[in-house]
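Scroll down for the structure; my scribbles are underneath it.
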Amino acid sequence: MLFERLLIYTFIVTALYDVILRFMSLNYEKLPNFFKQHRYRFIRYLTPYFKNHTLLGAALIAGFVGFGAQFIILKLQSFPNTKQINLKELTTFMIITFIVSALYGIPMKATKLFPHLDNTYYKKLGTYSGMIHDGFSGLVVQITLFALLYLKIFK
């Protein structure tokens, strides 16, 4: 798999997940009760952030953040082979993904490039919880990419 192609796919998948989160956040009261549980409160915390950005603006920010994190991840380890799955390789890749995605928010906060995100979402979640959520969001993107490549939807 070409390095550049994976970065582009990551950008697209991350941006599309941001659009889904935007829809869920801005329509939080209409969501099924399942999403109103304590563990999904982050969806509600995103509402002020999305109200400060256009659909395209927020999706582009998310896409670029995913692109940047994926760049680092792929420099540390290559994307797992989807033709001959190696569980150790896949597990190592996902651990690296979680760590890099969790830590990626630190320079984002330090540069102050994302004030709306800092003043809304991360302020409500807190540093530790924000890092955990970022780590899991990285895993969701990687699992989606792996599935799309495995199913040959992306080539």
Side-chain angles (χ1 to χ4, degrees), residues 1-25 28 31-46 49-50 53 55-111 113-114 117-118 121-122 124-155:
M1 175 64 46
L2 288 174
F3 181 79
E4 295 83 7
R5 193 174 296 171
L6 278 169
L7 292 175
I8 292 167
Y9 291 160
T10 302
F11 181 93
I12 292 167
V13 168
T14 307
L16 288 175
Y17 272 125
D18 190 76
V19 171
I20 292 168
L21 273 173
R22 177 191 187 89
F23 176 79
M24 292 174 72
S25 175
Y28 186 78
L31 292 176
N33 287 335
F34 173 79
F35 289 107
K36 294 178 184 174
Q37 297 175 23
H38 180 72
R39 68 181 137 182
Y40 296 109
R41 71 180 186 264
F42 73 92
I43 296 170
R44 184 173 35 119
Y45 294 166
L46 286 165
Y49 169 74
F50 286 127
H53 287 288
L55 174 79
L56 181 59
L60 287 173
I61 289 169
F64 282 117
V65 168
F67 182 99
Q70 184 76 296
F71 182 87
I72 295 168
I73 293 163
L74 293 174
K75 288 295 183 179
L76 295 172
Q77 182 174 335
S78 60
F79 197 83
N81 187 342
T82 56
K83 293 180 176 116
Q84 187 176 10
I85 299 171
N86 177 324
L87 192 56
K88 181 180 177 187
E89 175 190 21
L90 183 60
T91 302
T92 303
F93 185 77
M94 292 302 177
I95 290 169
I96 290 170
T97 292
F98 185 86
I99 293 168
V100 170
S101 298
L103 295 176
Y104 200 76
I106 294 171
M108 283 175 47
K109 275 186 114 168
T111 60
L113 288 173
F114 306 98
L117 200 54
D118 286 341
Y121 179 67
Y122 287 119
K124 293 235 180 187
L125 275 180
T127 303
Y128 177 72
S129 187
M131 290 173 72
I132 298 297
H133 281 80
D134 289 346
F136 278 114
S137 70
L139 290 178
V140 168
V141 169
Q142 296 294 29
I143 291 166
T144 303
L145 284 171
F146 190 83
L148 291 171
L149 291 164
Y150 179 78
L151 297 172
K152 297 183 177 27
I153 294 170
F154 282 172
K155 297 177 183 182

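Since this is a predicted model, take the numbers as computed values, not measurements. If you read the sequence from its start, that first residue is 1, and numbering goes on from there.
Around atom CZ of Phe42, more than 12 heavy atoms belonging to other residues, nucleotides or ligands sit under 6.0 Å away. Atom CD of Gln84 is surrounded by 12 or fewer heavy atoms from other residues, nucleotides or ligands within 6.0 Å. Within 6.0 Å of atom OH in Tyr128, 12 or fewer heavy atoms from other residues, nucleotides or ligands are found, so the atom counts as exposed in its surroundings.
Across every non-hydrogen atom of Ser101 and Gly135, the tightest pair is CB-CA, 3.8 Å. Here the closest heavy-atom approach between residue Leu125 and residue Arg41 is recorded as CD2-NH2, 4.3 Å. Of all heavy-atom pairs between Ala59 and Ala15, the closest is O-CB, 3.4 Å.
Distance alone, capped at 3.5 Å, places no donor-acceptor pair between the Ser25 side chain and the Arg22 backbone.
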(request) Apply the test side chain to side chain contact (heavy atoms under 4.5 Å, CB included) to residues Ile132 and Phe98: give CA-CA distance (whole Å), side-chain angles for both, the deciding distance (0.1 Å), then the verdict. (result) CA-CA 8 Å; Ile132 298 297; Phe98 185 86; 4.2 Å; yes
(request) Kindly indicate, with the supporting measurements, whether the criterion side chain to side chain donor-acceptor pair (under 3.5 Å) is fulfilled by Gln70 and Gln142. (result) CA-CA 9 Å; Gln70 184 76 296; Gln142 296 294 29; 2.7 Å; yes
(request) Verify side chain to side chain contact (heavy atoms under 4.5 Å, CB included) between Leu7 and Leu74, making sure each step is shown before the conclusion. (result) CA-CA 9 Å; Leu7 292 175; Leu74 293 174; 4.2 Å; yes
(request) Give the C-alpha distance, both sets of side-chain angles, the deciding distance and a yes or no for side chain to side chain contact (heavy atoms under 4.5 Å, CB included) between Tyr9 and Arg5. (result) CA-CA 6 Å; Tyr9 291 160; Arg5 193 174 296 171; 3.1 Å; yes
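The distance from atom CZ of Phe35 to atom OH of Tyr40, rounded to the nearest 0.5 Å, is 6.5 Å. In this structure, CD1 in Ile96 is found 12.0 Å from CD1 in Ile72, a value given to the nearest 0.5 Å. Remark: Leu46 CG to Asp18 CG distance equals 8.0 Å, nearest 0.5 Å. The NZ atom of Lys83 sits 6.0 Å away from the NZ atom of Lys152 when rounded to the nearest 0.5 Å. Here the CG atom belonging to Leu16 is positioned 11.5 Å from the CG atom belonging to Leu21, to the nearest 0.5 angstrom. Atom CD1 of Ile61 and atom CG of Leu56 lie 10.0 Å apart (nearest 0.5 Å).
Phe23 places none of its side-chain heavy atoms less than 4.5 Å from the side chain of Ile20. For the pair Phe50 and Leu55, the minimum side-chain heavy-atom distance is 4.5 Å or more. Looking at Ile73 and Phe79, their side chains never come closer than 4.5 Å, going by heavy atoms from C-beta outward. Counting heavy atoms from C-beta on, the side chains of Leu145 and Thr10 come closer than 4.5 Å. Using a 4.5 Å heavy-atom cutoff, the side chains of Phe71 and Phe3 are in contact.
Ring geometry, Tyr49 versus His53: the interplanar angle falls from 30° to 60°, so the pair is classed tilted.
Just one residue in the list Thr82, Ile8, Leu148, Leu6 forms a side-chain contact (heavy atoms from CB on, under 4.5 Å) with Phe154, and that residue is Leu148.
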